[in-house]
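As structure tokens, the structure follows; a few thoughts come after it.
What's counted below: heavy atoms across the whole structure, side chains too, no hydrogens, waters or symmetry copies. FYI, the numbering just counts along the sequence from 1.
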Amino acid sequence: MGESRPLWVPPWVRAAKAGWPVAGAAVVAVAQVVGTTAAQRHQGGRVPLDGWGYLLLVLGPALLVLRRRWPAATVVAVAAVTAGYLWAGYPYGPGFLAMVVAFFVAVRHGHRRAAWLSAGGFYLVHLLTGYVPPDGWSRAPEHAVRGWQELGVTAWLLLVFAGAELARFRQERIAAVRAAEEEARARRHDEERLRMARELHDILAHSISLIHVQAGVALELLDARPEQAREALTTIKATSKEALGEVRQVLGTLRGPGASAPRAPAPGLARLDELVEQAGHAGLVVTVERRGRAAKAGAGLELAAFRIVQEALTNVLRHSTARTATVELAWDRGGLAVTVADPGPAGGGDAGGSGNGLTGMRERAAALGGSVEAGPDGAGGWRVRARLPVPAATTENGDTT
């Protein structure tokens with residue numbers, strides 16, 4: 001198969017697209033002069049082109065240089081010049097090209113009224129030129145408008161109107177599609193930014209809280225019980241290494257196409273035992289209770305449940321004096337209910353934190369269509385309840401009860 005040849009594009013269109021108003025006007029001027037000079041050979045009833053005729057043929061395109069700065073004034077002026085050319089009885093031909101360009105530009109820039117009034121005024125001059133002047137008053141030997149001329153001018157104007165309106169509609173549609181794409185792109189960027197902010201907050205808050213607690217233990221036991229201090233430092237090392245790996249995994253979503261995939265499994269309920277073990281190293285005894293049969297919930301729900309439990313346990317370490325906590329995972333046909341409770345009471349320290357953790361938990365649940373409630377349990381402790389619904393397709397096909 002041969003190479004496909006590009007479609008031919010008129011030179012004035014190429015000049016306009018390239019942003020060359022002077023070059024485009026020059027191309028239109030050459031087309032009008034050359035085309036009308038050739039067309040007058042077959043119009044014996046019209047006035048031959050003279051100096052004034054050529055001046056009018058050039059004046060219209062010269063005004064097109066201003067079409068972008070003043071589109072409404074340009075279309076009015078070009079229509080007046082073209083109507084004067086027609087009133088003077090000069091030959092028909094491509095002398096109307098400048099008016100077509102000015103009309104399209106005016107409609108494209110939103111000056112439809114000026115464009116339509118200019119076209120209507122031009123057509124009125126055309127009718128007056130053919131029917132009003134008595135014999136001997138017109139410069140053209142045959143000034144009367146013939147039927148084919150009347151039909152041709154009318155069809156030409158209708159074609160210009162339709163083409164300009166179609167071009168305007170296409171431009172508006174393209175602008176609307178681009179605006180919608182930009183809005184969707186900005187929304188996706190915001191959602192991704194918030195998602196990464198939640199991930200980093202949950203990872204770092206939990207790990208740094210464990211490191212803080214273990215560092216305090218190590219300082220207290222460094223002289224008296226060096227073996228226990230060594231265990232605390234080992235926990236700090238393991239926790240910081242795991243946190244670093246998870247941060248790299250989150251930031252890996254921004255990697256290029258050639259980058260390697262993360263080797264650590266994504267956080268989920270299968271790694272809940274690791275979370276409980278980490279809390280145990282920090283001195284918090286966590287009991288996990290499971291009810292119902294786990295559904296095939298998908299990575300999104302498991303990640304949200306893991307992060308909610310992680311943030312709730314982090315809050316116990318930071319804001320409560322309790323050294324025990326209970327995690328309950330209750331599955332039913334509607335989804336998963338996560339409850340994290342500690343007996344309290346609340347401790348000092350940074351209990352008056354910013355609340356970003358609770359906000360992150362609620363955002364995670366809301367993204368799945370669920371909700372999170374947190375508050376005192378009435379017995380001096382604190383309780384976090386999260387409801388995470390399973391998607392409909394998973395509920396129907398998954399192994400749920």
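In terms of heavy-atom proximity, Leu284 sits nearest to Ala322 at CD1-O, 3.9 Å. Taking every heavy atom of both residues into account, Pro389 and Leu368 meet most closely at CG-O, 3.3 Å. Here the shortest heavy-atom pairing between Val286 and Ala279 reads CG2-CB, 3.8 Å. Contact detail for Ala374 and Val384: the closest heavy-atom pair is CB-CG2, 4.0 Å. In terms of heavy atoms, Leu317 sits closest to Arg323 at CD2-NH1, 4.1 Å. Across Ser320 and Asp342, no two heavy atoms sit closer than the pair OG-OD2, 3.0 Å.
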Query - Chi angles and distances behind the side chain to side chain contact (heavy atoms under 4.5 Å, CB included) call for Asn315, Met361 - result: CA-CA 12 Å; Asn315 288 339; Met361 286 191 284; 4.2 Å; yes
Report task. Please assess Phe306 against Arg271 for the test side chain to side chain contact (heavy atoms under 4.5 Å, CB included), listing each intermediate value before the final yes or no. Result -> CA-CA 8 Å; Phe306 180 88; Arg271 298 181 58 186; 4.0 Å; yes
Report task. Mind running side chain to side chain contact (heavy atoms under 4.5 Å, CB included) on Met99 and Val101 for me, showing each step along the way? Result -> CA-CA 5 Å; Met99 182 179 168; Val101 175; over 6 Å; no
Query raised in the report: Could you walk me through whether Val316 and Thr314 pass the side chain to side chain contact (heavy atoms under 4.5 Å, CB included) check?
Result: CA-CA 5 Å; Val316 174; Thr314 301; over 6 Å; no
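For the pair Thr321 (side chain) and Pro345 (backbone), a donor-acceptor distance under 3.5 Å is present. Judged by distance alone, with hydrogens and angles left aside, the side-chain atoms of Arg108 form no donor-acceptor pair with the main-chain N or O of Val105 at under 3.5 Å. The backbone N or O of Leu66 lies less than 3.5 Å from a partner atom in the side chain of Thr74, making a donor-acceptor pair. Of the possible donor and acceptor atoms, one in the side chain of Glu302 sits under 3.5 Å from a partner among the backbone N and O of Leu269.
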Just list the side-chain donor-acceptor pairs under 3.5 Å for residues 24-39, sequence neighbours left out, or say none.
unit_1	atom_1	unit_2	atom_2	d
Gln32	OE1	Leu97	N	3.4
Gln32	OE1	Ala98	N	2.8
Gln32	NE2	Leu57	O	2.7
Thr36	OG1	Gln32	O	2.7
Thr37	OG1	Val33	O	2.6
Thr37	OG1	Tyr54	OH	3.3

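Looking at Ile308, Leu313, Leu275, Thr287 one by one, the single match for side chain to side chain contact (heavy atoms under 4.5 Å, CB included) with Val327 turns out to be Leu313.
Note on residues 112-122: pairs passing side-chain hydrogen bond (donor to acceptor under 3.5 Å, both in side chains), not counting sequence neighbours, are Arg112-Glu165, Trp116-Glu165. Residue pairs that meet the side-chain hydrogen bond (donor to acceptor under 3.5 Å, both in side chains) test with at least one member in residues 369-390, sequence neighbours left out, are Asp332-Arg387.
With rounding to the nearest 0.5 Å, the separation of CG in Leu336 from CD in Glu328 is 10.0 Å. Considering CZ of Arg364 and CZ of Arg307, their distance stands at 6.0 Å, rounded to 0.5 Å. Here the straight-line distance linking atom CG of Leu59 with atom OG1 of Thr82 works out to 9.0 Å at 0.5 Å rounding. Separation of atoms CG (Leu329) and CZ (Arg291) is listed at 10.5 Å; rounding is to 0.5 Å.
In this structure the side chain of Val338 reaches within 4.5 angstrom of the side chain of Val309, judged on heavy atoms. Two residues are said to be in side-chain contact when any heavy atoms from C-beta on lie closer than 4.5 Å; Leu272 and Glu277 fail this criterion.
A salt bridge does not link Arg178 with Glu181: every distance from a Lys NZ or Arg NE/NH1/NH2 to an Asp or Glu carboxylate oxygen is 4.0 Å or more.
Taking the six-membered ring for Trp, Phe96 and Tyr85 have ring centres at least 6.0 Å apart.
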